[in-house]
Amino acid sequence: MLKSWKKYLSIASWVTLLFTALPLTAFAEGETAVVDTGDTTWIIVATVLVMFMFMPGLALFYGGLVGQRNILSTVMHSLSAFVIVTLVWVLWGYSFAFGPGVSGVFGGFEFIGFQHVGVDAKDGLTIPHLIFAMYQGMFAAITTALISGGVAERIKFNVWVIFAVLWVTFVYAPMAFWAWGGGWLSKLGGLDFAGGTVVHILSGVSALVAALVVGKRRSFPNRTLPPHNLIFFMIGAMCLWFGWFGFNAGSALASGGLASLAVVTTQVAAAAGGVLWMVMEWRLRGKATMVGGVTGVIAGLVAITPAAGFVSVLSAIPIGALASVICYWGLHVVKAKLQYDDSLDVFGIHGIGGIWGAIATGIFASTKVNPAGADGLIHGNAKQVLIQCVDVLVAIGLAAVGTFVILKAISLFTTLRVSEEQELTGLDLSLHGENAYNTFEAMNSGIPARPQTEYQPAGTVLTASPEMKGV
């Protein structure tokens, strides 16, 4: 009798366990995504890192490279882009860039005002949809701000504000959807881990077009002031380098092996870029400069951005090193010959470096490193280079046409640049009513302490060191 009861209890236990397990199993199979606290923590940190590389990083980086009468106006370009694009992103930008999509071309309106963007995990990820959306918003904001380097020291502030709203809406959001949001370029097989096309090529080409449309500074090139504070430039650059780990490794959208790979490839490419730039300066000019070394680091960081999660650590070395060579040529040969006034060399570093990085991704990518990617040229897949070239051409075309049309449309209602008097006075005082350096003379006279006619000899910046005007 006792044995029978034990038998029945044993059967009942197994039946109970089975019926208890079935719902759990069904739930696990039906669930598409569960929030992981570790992954979420990393993406929150990465979001803040990208913010830090932007403010104060980019603001100090750009601010140190302009004349002392324009540092505050240059910082205001970054600050205004940060706050304005954040609101645009919440209201409609995110939906246009990462919505469910319409025919692979447009993201749609489902996430307008962050509707349906909550704390539940985003489909296919282990992080809340909300933090994913805000992380991507940081990319949109800093990409917009990068363009300001091409028109620094002469664009009107109200024009810049209007441009920022229109550009992130009609240029950045479509490209982000095509490459990252499930649009036609991603379906074509293009690889862009963290923004080679979406961030660097878009901003670099847009800065060049904006510089051409707005026109040259009245002092360019013969009387252009040199960078007024290279310590600010250095501090800003190191903030950028620090934040770039959130930019690239955060694009893994989870903590773990892929994020770790992106951290290491980012560091190695930056180091390779910095070393080779200093070597080139040493050989060609007899001296290795701090400005050159930092410029090489930024070139390496730009180039590795699209490849960071798709290539091996050793592949990051030639990617970063060749970025220095190519960008050095862009600054010292192309700009000097064509005489376009890209104030802080946004095209020379981000545009040219981004183009190289996107193509290099198609050369060095390996599925052994990231099975979700593709093999590149050196691993037997030459087609990937062609696909990357399509990505590059699309980014160049969208940035060039979009920027040109937006600025021409704005010019129908107002002039794009400040007056000659405002430009000579400096934009800090003429547009914002502030001085960065309130010396006794400036406070008592109401004008900048430095005489307005104090220019460098003809050709100083262009012939001595073009990279001193920025990245």
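Because the structure is predicted, anything quoted here is derived from the model rather than measured.
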Quick one: does [X]'s side chain get under 4.5 Å of [Y]'s, heavy atoms only?
| X | Y | answer |
| --- | --- | --- |
| Val346 | Ile147 | no |
| Thr74 | Leu427 | no |
| Leu146 | Leu58 | yes |
| Leu87 | Val83 | no |
| Phe139 | Val198 | no |
| Asp192 | Trp178 | no |
| Phe82 | Thr144 | no |
| Phe193 | Val311 | no |

Holding to salt bridge (Lys or Arg N to Asp or Glu O under 4.0 Å), I want the full list of residues that pass it with Asp375, two or more places apart in sequence or in another chain.
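Counting only residues at least two positions away or on another chain, Asp375 forms no salt bridge (Lys or Arg N to Asp or Glu O under 4.0 Å).
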
Interatomic distance, [X] atom [atom1] to [Y] atom [atom2] [nearest 0.5 angstrom]:
| X | Y | atom1 | atom2 | value |
| --- | --- | --- | --- | --- |
| Ile142 | Phe247 | CD1 | CZ | 6.0 Å |
| Leu338 | Phe347 | CG | CZ | 9.0 Å |
| Ile84 | Leu79 | CD1 | CG | 9.0 Å |
| Gln384 | Thr361 | CD | OG1 | 9.0 Å |
| Asn70 | Met76 | CG | CE | 13.5 Å |
| Gln136 | Ser251 | CD | OG | 7.0 Å |

Determine whether a donor-acceptor pair (N or O, by modelled atom type, separation under 3.5 Å) exists between the side chain of [X] and the backbone of [Y].
| X | Y | result |
| --- | --- | --- |
| Ser411 | Lys408 | yes |
| Gln115 | Ile112 | yes |
| Asp428 | Ser73 | yes |
| Thr265 | Ala308 | yes |
| Asn381 | Gly376 | no |
| His228 | Val66 | yes |
| Asp36 | Asp39 | yes |
| Lys122 | Ala133 | no |
| Arg417 | Lys216 | yes |
| Ser103 | Val105 | no |

Taking all non-hydrogen atoms of both residues into account, name the closest pair between [X] and [Y] and its distance.
| X | Y | answer |
| --- | --- | --- |
| Gln388 | Ala358 | NE2-O, 3.0 Å |
| Ala436 | Leu72 | N-CD1, 3.5 Å |
| Gly64 | Pro227 | O-CB, 3.6 Å |
| Ile201 | Gly351 | CG1-O, 4.3 Å |
| Phe111 | His129 | CZ-CE1, 3.6 Å |
| Ala399 | Ser206 | CB-OG, 3.4 Å |

Distance only, no hydrogens: is a donor on one side chain within 3.5 Å (strictly under) of an acceptor on the other, for [X] and [Y]?
| X | Y | value |
| --- | --- | --- |
| Asp391 | Thr197 | no |
| Arg154 | Ser343 | yes |
| Thr305 | Trp244 | yes |

Is there a side-chain contact (heavy atoms from CB on, under 4.5 Å) between Ile44 and Thr40? Walk through the geometry before answering.
CA-CA 6 Å; Ile44 291 173; Thr40 302; 4.0 Å; yes

Determine whether Asn248 and Val263 satisfy the following criterion, side-chain contact (heavy atoms from CB on, under 4.5 Å), listing intermediate values before the conclusion.
CA-CA 7 Å; Asn248 284 359; Val263 166; over 6 Å; no

Between Phe109 and Phe96 (judged by ring centroids, cut-off 6.0 Å), do the two rings come close enough to count as a pair?
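Distance test on ring centres: under 6.0 Å, yes.
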
side-chain contact (heavy atoms from CB on, under 4.5 Å), that's the test. Do Ile71 and Asn229 meet it? Break it down for me.
CA-CA 10 Å; Ile71 177 176; Asn229 195 322; over 6 Å; no

Atom CZ of Phe404: over 12 foreign heavy atoms under 6.0 Å:
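Open.
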
Show the numbers, then the answer: is there a side chain to side chain donor-acceptor pair (under 3.5 Å) between Trp277 and Thr295?
CA-CA 8 Å; Trp277 197 292; Thr295 303; 5.4 Å; no

Between [X] and [Y], what is the ring plane arrangement, given parallel below 30°, perpendicular above 60°, and tilted in between?
| X | Y | value |
| --- | --- | --- |
| Trp180 | Phe98 | parallel |
| His332 | Tyr328 | parallel |
| Phe242 | Phe52 | perpendicular |
| Tyr94 | Phe114 | perpendicular |

Dump the intermediate steps for side-chain contact (heavy atoms from CB on, under 4.5 Å) on Tyr172 and Val85, then the final yes or no.
CA-CA 11 Å; Tyr172 183 87; Val85 173; over 6 Å; no

